[in-house]
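Worksheet: one structure, shown below.
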Amino acid sequence: MLRLVPLVAGWVLPVGPTAAQLNQVRAWPLGYGGLLPWRAATGSAGGGWRPVLKTPKGTRDHPPAHTALRDRLLAAVVTCFKRHGAAAIDTPVLELRETLMGKYGEDAKLIYELQDQGGELLALRYDLTVPFARYLAMNKITNMKRYHIAKVYRRDNPATTRGRYREFYHCGMWFAEPKYLSCARSLCCFFCPQDFDIAGQFDPMIPDAECLKIVHEILSDLQLGDFLIKVNDRRILNGIFAVCGIPESKFITTCCTVDKLDKVPWEEVRSEMVEEKGLSPEAADHIGEYVQLHGGLELIERLLQDPKLSQNKLAKEGLGDMKLLFEYLTLFGITGKISFDLSLARGLDYYTGVIFEAVLLQQENERVEEPMSVGSVAGGGRYDGLVGMFDPKGRKVPCVGVSIGIERIFSILEQRMKASGEKVRTTETQVLVATPHKHLLAARLKLISELWGAGIKAEMLYKKDPKLLKQLQYCEDTGIPLAAIVGEQELTDGVVKLRDVATRVEVDIPREKLVDEIRRRLEP
């Protein structure tokens, strides 16, 4: 019989299981209820066994170059959020299971549920929007503009080449409004965490237009190539379903099916409506006449004159707001990148008004072997009723927000950098303190301490007597722009030889003026 004991990753069992035992036991139970796969340790005495070293499916490690690139990307997004006046918040990665359930429609099956923990049923957060709504209701907040960057978790089928993971960053911004105003609506977040939201009292479509402006600014600043921002309104879709004879009980499921139009042709969407969702072929065809339309103000004007939609209260209200939204977007000067697309549905249950999604357009001149399709890179939608689900008195706080797909954008930038051979600096070191002779470790330590004390980002090699050529090569390999060289003669003269690594030009700087000279050279 096998004796099973808790093990620490990296330990080797002195005696491994036999082949027959291994066929029966495919994993060694650990002391915390998890299962850790094991493999034979080749070349180890006694036929020991080692843990299989891998990350869970749909996750990955980020080496320094990846982390530096992602930090640069996040910094660009945060700069935009702050430019628009948002403050940062954070929420726990764990939520009560009941907080998350019933908010995501068919996607609820992707929520990671955890075992009972001390009488609480918990789950990993699926996005940052629902936790934000819970936060507002818990703290009775009715006025806030915030952004949030954090990891979220989805039990999805990962597609790493498309930036689709089970653990990924969400990044967005929300507006929350304290009460309903005339036709006021909100936007919500979608992908990898970086989210931007606003809570407060606003007139219709002003915060919604700002969310679209934010997406336009971020995608333009990142220089990812040509993009298009699709916009629609759930009220317009519900109005279409109503005039096509769809019962209200099937609005959400029909919406989820329509949402697949950006991935599969209309024939497949129609087939799902009829065969799986139980719609009549006539109703499906009627829906198809609307959801395949896209355009701008002209299309909005045409639909406002549609004999059926013009008689539907929801559709008329949504189209009126859409017209107002386009007027504001015209003032922002971004309508060239905006498309009113009736196929956009965004199948989450909590959307109530304007919804949008940004997609990158294929580039024929991409410097990669094969074009990369990563789907949506930003999205949002209005969710006026979500906060009310958590408020004891059901008080509604309309919210509007935007989320940026950091992981998907990162996948694009990562592949481009591989193709171009560009290197990413993994540190921010500004100066390497170097010595050209032996027995000068004390001089290096004293000088680097002075630089650290002055707020200069400095490094030195961890050798007592490194060769000068090796020190300078380290600067070139890691992108350090300056080298501060102190030798016996420099110590005697009271100077430091400051070397520009790129040009290899060296000048003697008086010791007391070194910090000022370094700062001057590093000024942007």
Side-chain angles (χ1 to χ4, degrees), residues 77 79-86 129 132 143-147 171-190 194-221 227-237 294-301 303-304 316-342 344 346 351-359 376-384 397-404:
V77 176
T79 297
C80 180
F81 289 164
K82 289 183 176 180
R83 185 163 63 239
H84 286 262
T129 304
F132 175 60
N143 193 314
M144 172 176 266
K145 180 188 287 189
R146 71 97 190 186
Y147 73 89
C171 156
M173 179 170 172
W174 290 269
F175 303 66
E177 306 163 39
K179 63 181 181 179
Y180 281 99
L181 299 170
S182 173
C183 298
R185 293 294 179 267
S186 293
L187 293 174
C188 121
C189 93
F190 176 56
Q194 245 196 35
D195 289 38
F196 174 108
D197 306 81
I198 296 178
Q201 186 169 346
F202 306 103
D203 286 330
M205 294 297 103
I206 296 177
D208 306 67
E210 184 175 0
C211 282
L212 291 165
K213 173 65 172 167
I214 287 168
V215 174
H216 188 279
E217 287 181 10
I218 290 173
L219 296 183
S220 298
D221 289 346
F227 61 89
L228 184 69
I229 305 173
K230 302 177 182 179
V231 297
N232 198 5
D233 195 299
R234 286 293 282 268
R235 293 167 296 168
I236 299 174
L237 277 176
H294 56 86
L297 267 174
E298 295 178 0
L299 177 58
I300 298 171
E301 295 284 8
L303 293 176
L304 281 169
K316 187 175 180 180
E317 185 180 86
L319 287 167
D321 276 358
M322 187 62 65
K323 181 179 179 181
L324 182 60
L325 177 65
F326 265 77
E327 290 176 2
Y328 294 152
L329 297 178
T330 300
L331 295 174
F332 283 149
I334 63 173
T335 51
K337 297 291 187 181
I338 308 292
S339 173
F340 174 38
D341 192 326
L342 288 167
L344 181 64
R346 297 184 67 77
Y351 288 115
T352 58
V354 168
I355 51 178
F356 65 86
E357 203 163 278
V359 296
S376 303
V377 292
R382 180 166 282 275
Y383 49 101
D384 287 344
V397 180
C399 298
V400 60
V402 54
S403 181
I404 309 300

Test Arg83 against Ile214 for side chain to side chain contact (heavy atoms under 4.5 Å, CB included), laying out the working first.
CA-CA 10 Å; Arg83 185 163 63 239; Ile214 287 168; over 6 Å; no

Which distance, rounded to the nearest 0.5 Å, do you find between the NZ of Lys145 and the NE2 of His84?
8.0 Å

Count the heavy atoms belonging to other residues, nucleotides or ligands that lie under 6.0 Å from NZ of Lys337, then report whether that count exceeds 12.
yes

To the closest 0.5 Å, what do you measure between OG (Ser376) and CZ (Phe356)?
11.0 Å

Using only atom types and a distance under 3.5 Å, with no angle test, would you say the side chain of Asn232 pairs donor to acceptor with the backbone of Leu344?
yes

Phe340 and Phe326 aromatic ring geometry - parallel, tilted or perpendicular at 30°/60° bounds:
perpendicular

Nearest 0.5 angstrom please: Leu212 CG to Thr335 OG1, how far?
11.5 Å

Please tell me if the side chains of Leu342 and Leu303 come closer than 4.5 Å, counting only heavy atoms from C-beta onward.
yes

How long is the gap from CD1 on Ile236 to CG on Leu319, to the nearest 0.5 Å?
4.0 Å

Give a yes or no on whether the ring-centroid distance for Phe332 and His216 is below 6.0 angstrom.
no

Cationic N near anionic O, under 4.0 Å, Asp208 to Lys213
no

Where do Val215 and Ala378 come nearest, in terms of heavy atoms and distance?
CG1-CB, 3.9 Å

With distance as the sole test, does Arg234 use its side chain to make a donor-acceptor pair with the main-chain N or O of Arg346 at under 3.5 Å?
yes

Would you say that Ser339 contacts Ile229 through its side chain, given a criterion of any heavy-atom pair below 4.5 Å between the two side chains?
no

Taking every heavy atom of Gly320 against every heavy atom of Leu304, the minimum-distance pair comes out as N-CD2, 4.3 Å

Taken to the nearest 0.5 Å, the spacing of Leu325 CG from Asp233 CG works out to 9.0 Å

Is there side-chain contact between Ile404 and Ile218, with heavy atoms separated by less than 4.5 Å?
yes

Roughly how far, to the nearest 0.5 Å, is the OG1 atom of Thr79 from the CG atom of Asp221?
9.0 Å

Does the pair Glu357/Lys230 count as a salt bridge with the N-to-O cut at 4.0 Å?
no

Shortest non-hydrogen contact from Arg235 toward Gly353:
NE-CA, 4.1 Å

Is Met322 close to Val231 at the side-chain level, that is, under 4.5 Å between some pair of heavy atoms?
yes

